[in-house]
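To start, the structure under review is shown below, and the notes come after it.
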Amino acid sequence: MQALDRKLLRDFQRLWRQALAIALVLACGVAILLMALGTYKSLSDTRETYYERNRFADVFSAVKRAPEHLIAELAAIDGVWAVETRTAGSAILDVPGSNVSVTGQILSLPINGLPRLNVPIITTGRLPDPVSTDEVMVNANFAIANNLQIGDFFFANLNGQKRQLTITGTAQSPEFIYTIGPGALMPDNATFGILWMPKPAADAAFDMTGAFNDVALKLTPRAQEASVIDAVDQLLDPYGSLGAFGRDLQISDAFIDSEIKQQRNMASILPPIFFGISAFLVSMVMGRIIMLERSQIGLLKAVGYSNVEICLHYLMLAGLIAVVGIGIGWVAGTWLARYMATEYGQYFDFPFLIFSTSLWVYAASAIAALLATMLGATQTAIRAARLAPAIAMQPPAPPQFKRSLIDRAMAAMRLSQPTIMILRSLIRWPLRSGLTMLGIALAVATIVSPAFFPPSLEKIIDSAFYETNRQDGMLVLSHDMPQVVLETVAALPAILQTEGQQFHAVILRNGHREKRTSIQASHPATDLSRVMNNDGHQVAVPPGGIVLTDRLAAHLGVGLGDTIDAKFLGGRQETHPLIVTNTIAQYFGIGAYMDLDYVNGLLRQSPRISLINVSLDDAEVLDLHARLKDIPNLASIVMMTDTRRSFSETVEENIGMINSIYITIALLITIGVTYNGARIQLSERSRELASLRILGFTRSEVSYILIGETMLLAVLAQPLGWFIGTLIAANMFNSFSSDLYNLPLVIEPAVYAKASFFVLLASFASVMVVRRSLDKQNLVSIMKARE
Amino acid sequence: MSECVFRTENVTKVYQTGDVKVFALAGVDLELFAGEMTVLLGPSGSGKSTLLNILGGLDHATEGRVWFRDQELTDMPDRGLTKYRRDHVGFVFQFYNLVPSLTARENVQLVTDVSPNPMPAEEALALVDLADRMDHFPSEMSGGEQQRVAIARAIAKRPEILLCDEPTGALDSATGVQVLEVLADINERFGTTTVIITHNAEIQRMAHRVIQFQDGKISSVSTNEERLAPAEIVW
Ligand SMILES: Nc1ncnc2c1ncn2[C@@H]1O[C@H](COP(=O)(O)OP(=O)(O)OP(=O)(O)O)[C@@H](O)[C@H]1O
Ligand SMILES: [Mg+2]
């Protein structure tokens, strides 16, 4: 080994604490890049492969009842590669061993085997016999969650008849990677399952013989999705089409897509921050080392080392830091990616996961980290190489302190000498002080920005579940029914209160602008499900018009008093002009509201409802479940209390994990910045501080200078950190906002206090470690040492 | 007369600090010969170190010309000077300038790693009588020992020229004599052209020639008819 390389290793050994502090910050960047990029890659690769292998469709549509002869016409649409039609429906299941109501999504299977599109993967067992009426295949997670084996049976309320169904196999499907039931906020495999049933049996159950009510189409590579959707709508409209849509509105795919996008965003926002801080730290530390080693650099030049060799020597020192950071980052990133993979296993039902934290992801993260350290080191390394050999033999000239206005001000304020020393050094190196502050501020921001999620989520949950939807349960009817059904339901056990509602799939139009959504029609002065404004006030929905959420109004480009056209889907497909009587701000959805009697009048129908909201007496809920299983015409049941609870639990669990990760990251940044900063200060000031000691200043007076400068910067950085954190949060919330929901930024001072507490504590601990070496310093040897 | 190693022609060096011009060298004409031991004497600030730096290729002259044998150093680019230093010159500095994180042996290897025809580091250290301290770090050695390591480092490459800027400046007289003995021995044994800057007038008595500096110029040159052995010098 060359002597210069030995020097490198020994220097690195001596500097290991500082190097480690930087390497840890770098490791955060590497780990997050690895995790986010790895997760992004594996999610999108897995999805793509799964979709391709199992021929996931491109366009979907539900229709009330379309005759089978339309299949040929659908297939003839320009750009359509394949058509798959089926009968779909929903039913309440009675699963032995389960005392809650379970909803089953029933899908028909072609008589000749598997469908051509959205092909399920049979995980165990076999397909049901095409001619049987009592065999089904279920999604594997449903079987697992309910502890059902092949050969086991359960009951389903089909077309007013309770039928026993035997499980012949289990499957997974690309349509249900995210298996979320109607009205649910999260997948729950115990209360929602997919049932594949032979077409004749399903047709009999839902009265679809010779017809279909669900179609999926796969397009040719060059097809125009929009024009295919138009053509499909035109064909199906006479039969009660609910409107065709692409993958973007397919629920399962929309969820995966947003997750993939989130990972991509994460990969592009967070790592650059870490790499930036690392570059700054490397440049600060290297700058100091080169100052200290001026005479050694001069010597190397004098004995004939070339500029390139010297430059490389210092770059390699930075390179070693990078190597350590990359190593730690790889380990942590692999662990994080694994953690994410198990998380996804919980929420997403993939038959396989192409877990491709592939080599190139490792390589990319390493290259990024290496580039960052080199960015920080290059300038100083070149400065080292450029030192004139003769000048390098002499000690550096003392930095020039000029008497400025600030000095006069300080003198006028009668500050103590140590305080003046602190302030003067901050002003002397404004860039370094500024960047140090920025680094600490970013640490604060790292804690602040994600900490806004819980209060914001709480706010929208509160608004959605405790202000707007106060019902304990929703009973969804399999088709609209006369209002008298309320009386039947009221007679059931546990029911305290009932309210009927009607939901209508519609397309709202204003000129060429249109949006597919659903109208909620209720009686005035309902109590369980109310129309609420964001500010917590109930909004009246007068007859003779429609109330829109402001996001929907903005999308349609309409305001108060304007008229829009509403096409009511799934029936006679009538279009009615409606006056916008109000627009309201809401966190969730793009809802539209109308008066129930007004809607019935418009559509010339007798009073009817499609959904019943109920409030329940907890003590009798199990009795209610037992009865609900036998009630015909119920398509699904949503127990809001359960939904609320499981959602809050999941949020809390995830937030807890996320918060501790971010706090760890913030602590690492703080330590990296403050420890190195204090260390460098100590090195620059050792002589000065030693002289003060010799002049009779006490240890604590002297360490006040050291601690004071770092802590002053740390304190000054707090408001900046709050500001940056809030800004990042506002931006993130903005980017999360979609048609689904809109996150309000709820500012809680406690968030700021918490962030500052952690960061200031870590800063203080870091300087105290440096203070220990100040205490240990030998005064004589410092004064003797030649700088 | 032996071969001329260095020749300078009207060398000047001007330092511009603010509005003030400092003439560190104000026209130096000089010849140094192969195998010769020369001592440079002169008051502080008279330009001795400046000249040594220019001869050693650490610095450029402002005006005038400098030759090493047939090679002109005057306007040689940085790369050429690096090669020149690497191949021909050994330096010894007043403050030793050892790399603190390297042992004595490794400090010498720092040089042998990059020179074309070095002797083993152990041999160089044996020449300065430090064979038994090879694995000590600078902080574990006395000033005299450190300076001897610095000399070992300078001679390990078998340089044609040895340039020493106040090699005994930081040492007491007994240790200083040890160091001078090594220098004289090297000069004898290998015929290394040696230039020694010193403030100590006694040391001039071991040189072949003595050059006096005053205000950036050579004020006098004298040849010693009789040289003293370092051991005979006392101060
Ligand atoms: N980098 C520099 N910038 C400005 N002036 C310089 C610089 N280096 C040297 N000088 C000036 O040049 C003059 C000659 O300096 P030099 O170091 O050659 O003197 P010296 O004879 O070696 O003195 P000493 O015996 O004290 O080492 C001095 O006046 C010095 O102040
Ligand atoms: Mg000098």
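Chain A is the first sequence line, chain B the second, and so forth, proteins listed ahead of strands; every chain is numbered from 1. None of these values were measured; they are calculated from a predicted model.
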Residue [X] versus chain A: region with a heavy atom under 4.5 Å:
X: B:R153; result: side chain
X: B:K83; result: neither
X: B:D78; result: side chain

Problem set entry | Contact origin within A:E293 toward chain B - heavy atom pairs under 4.5 Å | neither
Exercise. What part of A:L300 lies closer than 4.5 angstrom to a heavy atom of chain B: side chain, backbone, both or neither?
Worked result: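 Only the side chain of A:L300 comes within 4.5 Å of chain B.
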For this session: Would you please test B:R85 and A:K301 for side-chain contact (heavy atoms from CB on, under 4.5 Å) and show each step?
Result: CA-CA 8 Å; B:R85 294 195 299 264; A:K301 294 199 135 187; 4.0 Å; yes
Enclosure of [X] [atom1] (heavy-atom neighbours >12, cutoff 6.0 Å):
X: B:D129; atom1: CG; answer: no
X: A:D5; atom1: CG; answer: yes
X: B:E63; atom1: CD; answer: no
X: B:R69; atom1: CZ; answer: yes
X: B:D135; atom1: CG; answer: yes
X: A:Q379; atom1: CD; answer: no

Exercise. Is the backbone N or O of B:L102 less than 3.5 Å from a side-chain atom of A:R6, with the two atoms forming a donor-acceptor pair by type?
Worked result: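 No; judged by distance alone, with no hydrogens or angles, the pair does not exist.
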Problem set entry | Test item: B:D113 side-chain N/O and A:A3 main-chain N/O as donor-acceptor pair under 3.5 Å | yes
Exercise. After noting the C-alpha distance and the side-chain angles of B:T82 and A:Y305, does the key distance pass the side-chain contact (heavy atoms from CB on, under 4.5 Å) rule?
Worked result: CA-CA 7 Å; B:T82 300; A:Y305 281 90; over 6 Å; no
Quick one: pull up [atom1] in [X] and [atom2] in [Y] and give me the separation to the nearest 0.5 Å.
X: A:S295; Y: B:L98; atom1: OG; atom2: CG; result: 10.0 Å
X: B:E106; Y: A:Q2; atom1: CD; atom2: CD; result: 12.0 Å
X: A:N307; Y: B:R79; atom1: CG; atom2: CZ; result: 8.5 Å

Exercise. When heavy-atom pairs shorter than 4.5 Å are enumerated against chain A, which of B:V99, B:I54, B:V111, B:D87 gives the highest number?
Worked result: B:V99
Exercise. Counting heavy-atom pairs under 4.5 Å to chain A, which of B:D59, B:L163, B:V114 comes out on top?
Worked result: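 Maximum pair count with chain A is reached by B:V114.
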Problem set entry | Student check: side-chain heavy atoms of A:R10 and B:F137 closer than 4.5 Å |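 The answer is yes, as the side chains (C-beta and beyond) meet within the 4.5 Å cut-off.
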Exercise. Does any non-hydrogen side-chain atom of B:P100 lie less than 4.5 Å from one of A:Q296?
Worked result: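 Heavy-atom side-chain distance check passes, below 4.5 Å.
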For this session: For B:F93 and A:A302, work out which heavy atoms get closest and say how close.
Result: CZ-CB, 4.1 Å
